[in-house]
Each structure stands twice: as C-alpha cells, then as structure tokens.
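Read the numbers this way: they start at 1 and go in the same order the structure lists the ligands and their atoms.
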Amino acid sequence: QISEAEVALFSVSSYACQRRTTLDNHNSNLTDALSLLAENAELNNEDGRGVAFRRAAALMKALPTQVISMSQLRGLPCLGEHSLRVIKDVLENGVSSEVESTKQSKRYKALKILTGIFGVGAKTADRWIREGIYNLEQLRDSGQTLNRAQKSGLEHYDDLNEPVTKAEADAIGEIVQKAVDSVLTGSQVALTGGFRRGKLTGHDVDFLITHPEEGKEVGLMPKVVAWLESQGFLLYQKTTRNSYLESKDGPARPASNMDRFERCFSIFKLTKGKEQETASHKIWRAVRVDLVVSPISQFAFAVLGWTGSKLFERELRRWAGHEKNMSLSSHALFDNTQNKYLRATSEEEIFAYLGLEYIPPSERNA
Ligand code: GTP
Ligand code: MN
Ligand code: MN
C-alpha cells in the first residue's frame with residue numbers, strides 16, 4: 001500500500017524540456033499504451049490528440065518509479081481525461097481495451113503496413129485504404145503509380161523496417177566522415193537523432209555536417225552525395241533545400257544564409273560484417289540515413305534541433321514562445337522582446353538564453 005507521503009513524491013515540471021528523461025523507463029506498460037494511441041491519432045491526422053497522448057506518455061516516462069495506483073498521479077500535469085482513462089484501464093486490467101481494439105483494427109494494421117514504406121505518409125496510406133489496399137501484396141497488384149522514394153521503400157521494405165543498431169550507425173558514420181574528408185578537408189560530422197541520445201537502435205541514422213570556416217559548407221552536400229554515389233554506397237537519395245521556412249510551425253525567420261541549409265534523405269547500402277550475414281546470404285542491407293549541412297554559425301541550433309526527441313523539440317519551442325517570448329528553430333533563436341537574434345556556439349548557451357537548466361542529450365528521451 002502506498003502512503004500519502006510517497007504519493008507526494010512525484011513532482012514533475014509541465015514542459016518536457018524542464019525534465020530529465022533517460023531511456024530508463026519505469027512505466028513502459030503505460031507509455032507503450034499511450035504511445036500507441038498517439039501513433040494511431042497521428043496516422044489518422046488527428047494531430048491535437050496525438051500531441052496530447054505524446055505529452056502524457058512523456059510525463060509517465062519521466063516518473064522515477066513504477067506507478068501502481070491512480071492516487072499517485074494526483075496533481076500531475078499533462079494527463080488529460082482520456083489519458084487517465086487509459087492509464088486506469090492498464091493499472092486495473094493489465095491492458096487498455098482501447099489499445100487492444102486499435103491494434104486489432106483492420107485500418108490501424110493497414111496504416112502501419114503502408115506507412116512502413118519509406119516515402120508513404122498517412123495521407124497516401126489513407127487514400128490507398130479507401131481504394132481497398134490494405135497490404136503490400138494488394139499494393140503491388142493494384143498498379144498504383146509509385147514515386148521514386150516509394151519504389152525504393154517497397155523494394156527495401158524488410159531492411160528498412162529492421163531496427164538499425166549502434167554498430168551499424170557507427171559504420172555509416174565512418175563512411176560519411178570519409179566522404180566529407182574526401183571532398184572538403186576540415187569538415188566535421190556530428191551524429192544526431194536518437195543515437196546521440198544514447199538509444200541502442202533507431203529507424204534511421206542522422207548526421208549533421210559543417211565546416212569551421214563559415215561559407216565553406218556551401219555546395220558541400222552535392223559533393224558528398226556524388227562521392228557516396230561514386231563509391232556505390234547509395235541505393236536512393238533525394239537532396240532538398242531545407243523547407244523549414246515554408247513549414248507552418250517554423251517560428252524563427254532565420255538569417256538570409258539559411259537557404260544554404262540542405263537535407264538529404266537517403267538509403268545506404270551497408271555491407272554486413274561476417275557475424276551479421278544471414279541465411280539469405282545477402283551481404284548487405286539497406287539503411288535510412290539523413291544528412292544535413294549547416295553553416296557553423298547555426299551549428300549549435302542545428303545540433304539541438306536534430307538531436308530530438310521530437311516531443312522534446314516541440315516542448316523547447318513551446319517553452320521559448322509561451323514562456324520567453326522567443327522563437328526557436330534549428331537555425332536560430334530570436335528574442336521578440338529585444339527584437340534580435342541571440343548568437344550561440346553551444347547547446348549550453350541556448351538552454352541558458354531560454355532560462356532552462358541544461359539537459360544533456362541522454363536525458364532528452366521524452
Ligand atoms: P529514430 O530515428 O526513430 O530512432 O528516432 P529519432 O529521434 O532519431 O527521430 P528522427 O530521425 O525522425 O528525427 C531526429 C530529430 O530530427 C528529431 O528531433 C526531429 O524533430 C528532427 N527532424 C526531423 N525532420 C526534421 C526537419 O525536417 N526539420 C527539422 N528542423 N528537424 C527535423
Ligand atoms: Mn533518427
Ligand atoms: Mn531522421
């Protein structure tokens with residue numbers, strides 16, 4: 001039985017960026033349920049509901065011990081009526097009936113399978129489902145026109161749905177480092193995304209590339225991609241100018257040099273080590289890799305913005321806007337009160353500008 005004194009122990013800040021969230025999750029039974037409902041909401045383009053479940057899941061991830069009774073949750077932020085109902089169900093019955101029925105629904109299963117194809121989002125999957133396409137076989141038989149990304153995604157479906165290990169991420173890191181060294185001496189590569197947060201596996205590998213001399217990074221991405229292509233490392237690549245300015249929630253209007261900020265979505269062909277060779281005798285596997293080039297002046301913001309987690313990033317921007325009257329992006333921090341950009345060369349400085357205690361990457365797993 002839990003005493004009132006123990007109940008009072010949970011004191012949790014309401015923004016995820018004020019909390020230290022490690023990978024050590026004491027409530028995975030609850031966070032798995034809430035995350036699945038968040039995912040289902042996102043797959044159905046119910047973004048508000050998705051964020052509400054994500055916030056609730058993140059709150060539960062930050063709790064220092066396992067929750068066994070609803071009374072422990074009194075006074076905690078981020079837990080709406082719906083999330084509390086799900087938590088209660090799991091605590092009392094071991095499972096949430098809503099989660100179970102979602103998992104078994106034909107629509108959820110189809111959305112998962114179809115959006116598991118690289119290049120297929122919730123809207124495309126929904127359109128296909130309305131045309132009676134629920135799985136890969138039906139998709140192949142349907143004669144749907146696929147774009148280049150989707151064709152590649154379908155071709156490498158199994159590999160791309162197999163988690164990437166840290167060892168594979170490191171092997172790809174070495175290739176990327178070799179590529180940038182070959183095309184521009186002094187270039188730097190930083191591992192970002194989930195692996196920087198200490199995750200042991202990921203759905204892709206994320207890298208940020210820069211050069212210590214401002215301006216030298218211009219034109220770097222096409223050269224890196226050309227080198228990788230010439231060495232046979234790429235199964236697919238699409239380089240785009242960063243679309244951050246056009247995105248509807250992009251707050252900070254960055255300096256004019258932002259049009260140099262480029263991103264490459266790619267699929268690497270990674271040769272397996274002897275140990276990883278499987279019964280299929282395939283000696284390589286496909287791995288999703290994201291490459292981003294940033295000028296050194298924006299590097300700290302880019303590292304912070306690309307390290308994640310997605311919810312941690314969202315909460316940082318919400319904190320900046322709502323609590324500090326500032327606009328944070330992966331390019332810059334703008335102070336709307338002083339009407340000026342705040343320069344930073346480290347993540348620590350950015351947290352300080354925001355009036356937040358510094359949270360290291362390993363504690364940003366919200
Ligand atoms: P897994 O890859 O699933 O292991 O997790 P992850 O945390 O690495 O996720 P992901 O690779 O999707 O994203 C890594 C970080 O990059 C997250 O913080 C995202 O918010 C961020 N990110 C992804 N796409 C964009 C984008 O288009 N613009 C910006 N500015 N950030 C992005
Ligand atoms: Mn990632
Ligand atoms: Mn990524």
Strictly under 4.0 Å, does any heavy atom of Arg263 approach an atom of ligand 1? yes
Assess Arg288 for proximity to ligand 1: is some non-hydrogen atom of it under 4.0 Å away? no
If you count the atoms of ligand 1 from 1 in the order shown, which ones are under 4.0 Å from a heavy atom of [X]?
X	value
Ser330	30 (N)
Asp204	2 (O), 11 (O)
Arg197	7 (O)
Gly202	4 (O)
His203	1 (P), 2 (O), 3 (O), 4 (O), 11 (O), 12 (O)

Between Phe265 and Phe118 (judged by ring centroids, cut-off 6.0 Å), do the two rings come close enough to count as a pair? no
Any chance the rings of His82 and Phe53 have centres within less than 6.0 Å? yes
Only heavy atoms count here, so choose which of [options] is nearest to [atom].
atom	options	answer
atom 28 (N) of ligand 1	Phe265, Phe301, Trp306, Phe195	Trp306
atom 18 (O) of ligand 1	Gly308, Gly194, Ser329	Gly308
atom 11 (O) of ligand 1	Thr201, Asp206, Asn365, Val205	Asp206

Restricting to N, O or S atoms, which atom of Asp204 is closest to the Mn ion (ligand 2)? OD1
Nearest to the Mn ion (ligand 2) - the N/O/S atom of Asp206, by atom name: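 That would be atom OD2.
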Ignoring hydrogens and angles, state whether a donor on the side chain of Arg107 or Asn44 is under 3.5 Å from an acceptor on the partner side chain.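 The criterion, which ignores hydrogens and geometry beyond distance, is satisfied for Asn44 and Arg107.
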Let me see the working for Lys324 and Asp335 under salt bridge (charged side-chain N to carboxylate O under 4.0 Å, His left out), right down to the final yes or no. CA-CA 8 Å; Lys324 296 287 156 181; Asp335 184 332; over 6 Å; no
Report yes if Lys310 has an N/O atom closer than 3.5 Å to an N/O atom of ligand 1; otherwise report no. yes
Any nitrogen or oxygen of Thr307, main chain or side chain, under 3.5 Å from a nitrogen or oxygen of ligand 1?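 No, no N or O pair falls under 3.5 Å.
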Path from Tyr358 to Phe312 over hydrophobic side-chain contacts below 4.5 Å: yes
Heavy-atom closest contact (Phe351 atom, Leu316 atom, distance):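 It is CE2-CD2, 4.4 Å.
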For the residue pair Phe268 and Phe233, categorise the inter-ring angle as parallel (less than 30°), tilted (30 to 60°) or perpendicular (more than 60°). parallel
For Glu357, is the CD atom crowded, meaning more than 12 foreign heavy atoms sit under 6.0 Å from it?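 Not buried by this count: 12 neighbours or fewer within 6.0 Å.
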Counting only heavy atoms not in Leu84, do more than 12 fall under 6.0 Å of its CG?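 Check passes, neighbour count above 12.
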Specify which N/O/S atom of Asp290 comes nearest to the Mn ion (ligand 3), by atom name.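 This residue's closest N, O or S atom turns out to be OD2.
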Please name the residue in the list Glu217, Glu214, His331 that meets the side-chain hydrogen bond (donor to acceptor under 3.5 Å, both in side chains) test with Gln298.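 Result: among Glu217, Glu214, His331, His331 is the only option passing the side-chain hydrogen bond (donor to acceptor under 3.5 Å, both in side chains) with Gln298.
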